[in-house]
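Heads up, the thing below is written out as structure tokens.
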Amino acid sequence: MNIYKVSDIGELIKDNSYVGRGIVVGKSEDGTKAVFAYFIMGRSENSRNRVFVEKGDEVIIYPFDESKVEDTSLIIYSPVRSAGKSVIVTNGDQTDTVYDYLTAGKSFEEALSTRCFEPDAPNFTPRISAVLDFNGEYTYKMSILKSADEKGSACNRYTFNYSPLAGVGHFIHTYNCDGNPIPTFTGEPERVKIPNDIQAFTDTLWNNLNENNKISLYVRYTDLNTGAYEKRMINKNK
């Protein structure tokens with residue numbers, strides 16, 4: 001097994017009907033852009049009834065059709081927020097916890113030590129999070145908070161700290177595949193190729209996510225010299 005293999009993310013996801021929610025963070029092939037992507041999927045009508053909306057630098061998830069909302073807990077949150085020179089990307093309301101801690105001068109790890117996996121037995125969906133740090137040289141961290149057993153008896157916390165490599169990203173998602181209960185993501189974040197072209201990367205992700213279960217995707221490329229960014233956002237519900 002080649003632990004340094006860098007995969008095409010389209011190949012990783014194209015035959016997987018349900019990887020759940022996913023975060024990709026890395027650096028463009030030419031080394032000039034910091035890159036992240038976040039997507040959501042859903043199996044139930046409640047989960048599928050969502051759209052991404054931009055408000056400044058922030059991305060917020062809203063119901064597409066408010067008349068169909070059954071339960072907003074765990075599905076309505078801000079997946080992307082900026083805190084000073086850091087950008088936070090998560091799959092839940094822990095975005096706000098990380099924001100509060102970072103703005104108070106505390107760490108990503110300290111923030112997530114106060115949080116746990118989602119209380120949605122029997123799945124116990126993990127909380128996945130990332131922070132892109134632009135304070136000096138660009139670096140990033142990723143985290144997953146997972147149930148220690150099938151009963152949700154305790155929470156295990158894993159943090160991965162990266163020095164970015166040109167053309168390489170790391171991909172973490174909530175589930176290995178579909179199932180009942182849904183199998184939690186295992187192992188380290190997967191190494192994936194990050195091209196220079198934001199549209200090509202967006203298309204690769206969106207076109208290979210399961211057609212029935214994909215809901216929304218947000219991709220951002222930030223110029224490491226100027227701080228200016230280019231983004232793409234796709235909502236299945238329009």
Side-chain angles (χ1 to χ4, degrees), residues 13-14 16-24 36-83 87-100 114-130 144-147 152 172-185 198-199 202-220 229-238:
I13 63 178
K14 71 175 184 177
N16 191 336
S17 63
Y18 203 59
V19 293
R21 286 164 276 174
I23 300 172
V24 186
F36 76 81
Y38 179 66
F39 64 80
I40 59 174
M41 304 180 77
R43 301 188 303 176
S44 69
E45 184 177 8
N46 194 44
S47 290
R48 291 176 175 178
N49 181 37
R50 293 183 287 173
V51 290
F52 286 175
V53 177
E54 289 182 282
K55 295 186 76 171
D57 290 340
E58 185 174 0
V59 177
I60 303 173
I61 298 176
Y62 284 105
F64 175 62
D65 183 345
E66 293 189 6
S67 69
K68 294 182 179 180
V69 175
E70 300 169 10
D71 179 9
T72 61
S73 66
L74 304 180
I75 67 165
I76 305 301
Y77 55 91
S78 297
V80 178
R81 290 190 73 180
S82 295
V87 177
I88 306 156
V89 188
T90 91
N91 74 326
D93 64 10
Q94 73 268 26
T95 303
D96 298 331
T97 306
V98 175
Y99 175 87
D100 290 343
T114 69
R115 301 304 304 267
C116 197
F117 50 85
E118 295 181 357
D120 61 340
N123 297 316
F124 300 115
T125 299
R127 291 189 186 272
I128 55 173
S129 308
I144 185 166
L145 312 180
K146 305 187 344 180
S147 178
I172 193 167
H173 40 102
T174 50
Y175 308 123
N176 280 332
C177 57
D178 206 344
N180 190 23
I182 317 173
T184 291
F185 178 88
I198 185 174
Q199 190 61 52
T202 301
D203 289 344
T204 295
L205 276 165
W206 188 250
N207 292 339
N208 285 286
L209 286 168
N210 180 267
E211 183 63 31
N212 292 327
N213 295 325
K214 65 185 179 184
I215 302 170
S216 297
L217 168 66
Y218 183 85
V219 180
R220 183 184 293 179
Y229 66 78
E230 187 177 4
K231 43 77 177 178
R232 297 288 188 274
M233 185 170 70
I234 303 175
N235 286 307
K236 189 174 182 179
N237 295 313
K238 297 179 181 179

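Since this is a predicted model, take the numbers as computed values, not measurements.
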If we ignore hydrogens and angles and just use 3.5 Å, is the side chain of [X] paired with the main-chain N or O of [Y] as donor and acceptor?
X	Y	answer
Gln94	Ile128	yes
Thr95	Val80	no
Lys236	Arg50	no
Arg127	Cys116	yes
Asp178	Asn16	no
Tyr77	Asn91	yes
Asn235	Phe64	no

Is there a donor in the side chain of Asp65 and an acceptor in the side chain of Ser67, or the other way round, less than 3.5 Å apart?
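Distance-only check passes for Asp65 and Ser67.
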Regarding Asn49 and Glu45, do their side chains bring together a donor and an acceptor under 3.5 Å, going by distance alone?
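Side-chain D/A pair, Asn49 to Glu45: absent.
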At what distance, to the nearest 0.5 angstrom, does SG of Cys177 lie from CD1 of Ile182?
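Those atoms lie 9.5 Å apart.
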I need the Glu58 CD to Ile60 CD1 distance, nearest 0.5 Å.
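So the gap between those two atoms works out to 4.0 Å.
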Residue pair [X] / [Y], side-chain heavy-atom distance below 4.5 Å:
X	Y	answer
Lys231	Val219	no
Arg220	Glu230	no
Met233	Leu217	no
Ile23	Phe39	no
Val87	Phe36	yes
Val59	Ser78	no
Tyr38	Arg21	yes
Ile61	Ile40	yes

Among Asn123, Thr184, Thr125, which residue satisfies the side-chain hydrogen bond (donor to acceptor under 3.5 Å, both in side chains) criterion with Tyr175?
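With Tyr175 as partner, Asn123, Thr184, Thr125 yield a single side-chain hydrogen bond (donor to acceptor under 3.5 Å, both in side chains), made by Thr125.
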Residue from Asn237, Asn213, Asn212 passing side-chain hydrogen bond (donor to acceptor under 3.5 Å, both in side chains) with Arg48
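Going through Asn237, Asn213, Asn212 one by one, the side-chain hydrogen bond (donor to acceptor under 3.5 Å, both in side chains) with Arg48 is satisfied by Asn213 alone.
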Partners of Asp96 by side-chain hydrogen bond (donor to acceptor under 3.5 Å, both in side chains), sequence neighbours excluded?
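Only Arg81 meet the side-chain hydrogen bond (donor to acceptor under 3.5 Å, both in side chains) criterion with Asp96.
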Start with the C-alpha distance between Tyr99 and Ile88, add both sets of side-chain angles, then the distance that settles side-chain contact (heavy atoms from CB on, under 4.5 Å), and finish with yes or no.
CA-CA 7 Å; Tyr99 175 87; Ile88 306 156; 3.8 Å; yes
Under 6.0 Å from the ring centre and within 45 degrees of the ring axis: does the NZ or CZ of Arg43 meet both conditions for the six-membered ring of Tyr18?
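Judged by the rule, Arg43 and Tyr18 form a cation-pi pair.
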Any ion pair linking Lys14 and Glu211 (charged N to carboxylate O, less than 4.0 Å)?
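No salt bridge links Glu211 with Lys14.
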Between Asp93 and Arg115, does any NZ, NE, NH1 or NH2 come within less than 4.0 Å of an OD or OE carboxylate oxygen?
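Yes.
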Nearest non-hydrogen partners of Ser47 and Ile215, listed with the distance
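Smallest interatomic distance, heavy atoms only, reads O-CD1, 3.1 Å.
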How close do Asn210 and Ser17 get, counting heavy atoms only, and between which atoms?
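Closest pair (atom of Asn210, atom of Ser17, distance): CB-O, 3.3 Å.
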Check whether the ring centres of Phe117 and Phe124 lie less than 6.0 Å apart, and answer yes or no.
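Ring-ring flag for Phe117/Phe124: true, centres closer than 6.0 Å.
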